[in-house]
There are 2 protein chains.
Amino acid sequence: MLFKLAVDCIILAYDPGDNQLKVLLVQRENEPAKGQWALPGGFVDEPEDFAVTAARKLRQETGVTVPYLEQVRAYALTDPTVGQRLASVSYYALLEWAHYAPAADRTHLAQWFALPHVPALPFDHARKVQDAWQRVQEAARNRPVPFYLLPPKFPLNQLQRFYEALYQAPLDNRNFRKWVKGLPYVEALAELETNVSHRPSQLYQFKASAYAAFGQATRLTPY
Amino acid sequence: MLFKLAVDCIILAYDPGDNQLKVLLVQRENEPAKGQWALPGGFVDEPEDFAVTAARKLRQETGVTVPYLEQVRAYALTDPTVGQRLASVSYYALLEWAHYAPAADRTHLAQWFALPHVPALPFDHARKVQDAWQRVQEAARNRPVPFYLLPPKFPLNQLQRFYEALYQAPLDNRNFRKWVKGLPYVEALAELETNVSHRPSQLYQFKASAYAAFGQATRLTPY
DNA sequence: GCAAAAGTGTTCGCAATACACCCATGC
DNA sequence: GCATGGGTGTATTGCGAACACTTTTGC
């Protein structure tokens with residue numbers, strides 16, 4: 001028994017404009033579900049690792065090049081209208097918001113949607129988005145996820161709002177700052193925001209070098 | 001491009017005899033890797049969910065019926081000698097040691113191997129075992145994994161040795177017992193071990209009813 | 001001077017860790 | 001009575017949680 005194999009990409013970015021985690025969707029140009037918003041992806045049609053296929057499809061459809069893709073899981077397509085046997089493997093990627101620069105030769109219209117407000121999605125894409133989101137939440141407990149999603153320099157309150165968006169829960173500002181200051185891989189810069197109509201915030205950055213040693217020892221998520 | 005899709009099963013059980021987590025392997029009866037120990041599994045050849053296929057293959061090859069299977073992830077088979085495109089999806093299951101009762105009509109010789117000492121495995125099976133083990137370790141942080149692996153009645157020290165086997169790390173006996181006694185879903189029985197040449201241990205059991213409420217709140221893993 | 005967001009300390013309770021000896025049984 | 005594994009308590013420490021006001025800037 002043979003299968004067509006599809007890959008789906010859940011591209012996530014943190015929009016500092018409205019402090020929301022967003023997922024990139026494309027408008028389908030073919031049946032089924034033509035015209036609807038859906039996850040970018042496509043059928044595996046080259047003898048290469050699925051992640052490579054996923055990155056290529058993503059590049060074609062959205063014009064975005066992502067640095068890496070992390071597998072979420074495989075799904076047996078349950079749609080009873082498809083006669084042929086189908087399976088799909090989904091991947092998530094974390095993208096810095098400012099790096100979103102769709103190439104001109106993309107084949108689909110792409111748009112960001114805030115995670116708690118994604119539109120109704122065809123097939124099992126809604127579930128895939130949920131699964132991926134949950135995986136990122138879990139990943140953030142073991143790895144420095146915000147490193148991939150925040151700009152190189154950021155104020156602490158932005159980091160806090162990122163975590164609030166990721167876990168959809170408010171955090172105590174003082175406890176949060178206390179926690180961050182204990183982290184070995186976040187360092188303060190001697191630089192302030194400018195041109196804001198309120199007290200300017202100090203900027204921070206991630207120290208990539210300090211990551212390697214951690215992951216087990218220090219707590220990576222805020223309270 | 002079409003794929004043959006395989007499923008692989010990582011069946012885990014806790015052997016109270018030597019206090020080790022073990023994985024069930026079968027001896028391959030066909031090429032490639034004929035005669036070697038490998039994970040039970042096979043090609044998906046029916047239009048059904050992969051997990052169902054996995055359970056059926058498992059039943060055929062080892063004679064074991066497992067209550068459920070949990071997906072680990074999908075793999076693109078990287079073996080360059082296979083001309084045809086192959087993918088595989090692996091599943092793990094947790095089995096109570098005493099429930100291992102292979103049916104007579106099984107097609108392969110099956111044997112348990114202690115997790116830290118699995119033999120060299122063909123294909124990418126070694127990696128699959130490692131991935132599955134890690135997933136079980138993670139699952140134990142959110143779900144009552146020992147419930148599936150220990151007998152209905154067990155002494156506390158057996159539970160401790162299970163956790164020590166799972167995480168390959170020694171635990172402090174007094175702290176462990178203190179922790180267990182705080183769990184709402186482990187209850188002491190008015191029953192003792194018998195016929196042991198030392199002080200008999202008290203038996204405990206899991207209270208299935210108390211699981212539902214937890215998973216987030218109470219810490220599920222020992223120190 | 002006012003609006004808007006940044007930044008700052010302390011207290012309390014509990015959970016995590018470390019640690020050494022007595023107990024009950026079979027032989 | 002001795003070998004074997006089962007069982008017990010306390011003190012310390014550091015982290016998680018709760019909580020309200022002052023500071024700096026642009027306009």
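Order of the sequence lines fixes the chain letters, A, B, ..., with proteins taken first and strands second; residue numbering starts at 1 for each chain.
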>> Quick check: on DNA chain C, is the nucleotide nearest A:Leu156 upstream (toward 5') of the one nearest B:Leu192, or the reverse? Name the residue that is more 5'.
In response: A:Leu156

>> Whole angstroms only, please: what is the CD-C1' distance between A:Glu193 and D:dT23?
In response: 15 Å

> For A:Arg199 and C:dA6, what is the distance between atoms CZ and P respectively, to the nearest whole Å?
Replying inline: 10 Å

>> Side chain of B:Arg174 only, heavy atoms from C-beta on: which candidate in C:dA6, C:dG9, D:dG9 is closest?
In response: D:dG9

> How about B:Tyr92 and B:Trp133: are their ring centres within less than 6.0 Å of each other?
Replying inline: no

> For the pair made of CZ in A:Phe176 and P in C:dG9, what is the distance, rounded to whole Å?
Replying inline: 18 Å

>> Can you tell me whether the side chain of A:Asn157 and the base of C:dA5 have a donor-acceptor pair closer than 3.5 Å?
In response: no

> Could you state the CG-P distance from B:Leu183 to C:dA16, rounded to the nearest angstrom?
Replying inline: 11 Å

> Would a distance-only check, ignoring hydrogens and angles, find a side-chain to backbone donor-acceptor pair under 3.5 Å from A:His108 to A:Glu61?
Replying inline: no

>> One thing to verify: whether B:Arg59 and B:Asp105 come together as a salt bridge, which I'm taking to mean a side-chain N less than 4.0 angstrom from a carboxylate O.
In response: yes

> Nearest of C:dG7, D:dG7, D:dT4 to any side-chain atom of B:Arg177?
Replying inline: D:dG7

>> Could you tell me how far apart A:Leu159 (CG) and C:dA6 (C1') are, to the nearest whole angstrom?
In response: 15 Å

>> What is the separation between atom CD on B:Glu164 and atom C1' on D:dG5, rounded to the nearest whole Å?
In response: 14 Å

> In terms of side-chain geometry, is the basic nitrogen of A:Asp131 or A:Arg127 positioned less than 4.0 Å from the acidic oxygen of its partner?
Replying inline: yes

>> Has B:His125 got a side-chain atom pairing as donor or acceptor with B:Leu39's backbone, closer than 3.5 angstrom?
In response: yes

>> If you assign each of B:Asn173 and A:Ser197 to its closest nucleotide in DNA chain C, which residue comes earlier from the 5' end?
In response: A:Ser197

> Quick one: A:His198 NE2 to D:dT25 C1', roughly how many Å, whole number?
Replying inline: 8 Å

> In whole angstrom, what separates A:Asp172's CG from C:dT8's P?
Replying inline: 14 Å

> Does the C:dT17 base have a donor-acceptor partner in the side chain of B:Lys178 within less than 3.5 Å?
Replying inline: yes

> Hey, does B:Gln202 reach any base, or is it just sugar-phosphate, or nothing, if we go heavy atoms under 4.0 Å?
Replying inline: sugar-phosphate

> Which nucleotide sits closest to the side chain of A:Asn175: D:dG7, D:dA18, C:dG26?
Replying inline: D:dA18

> Where each residue is assigned the nucleotide of DNA chain D containing its nearest heavy atom, which of B:Arg161 and A:Asn195 is assigned the position nearer the 5′ end?
Replying inline: B:Arg161

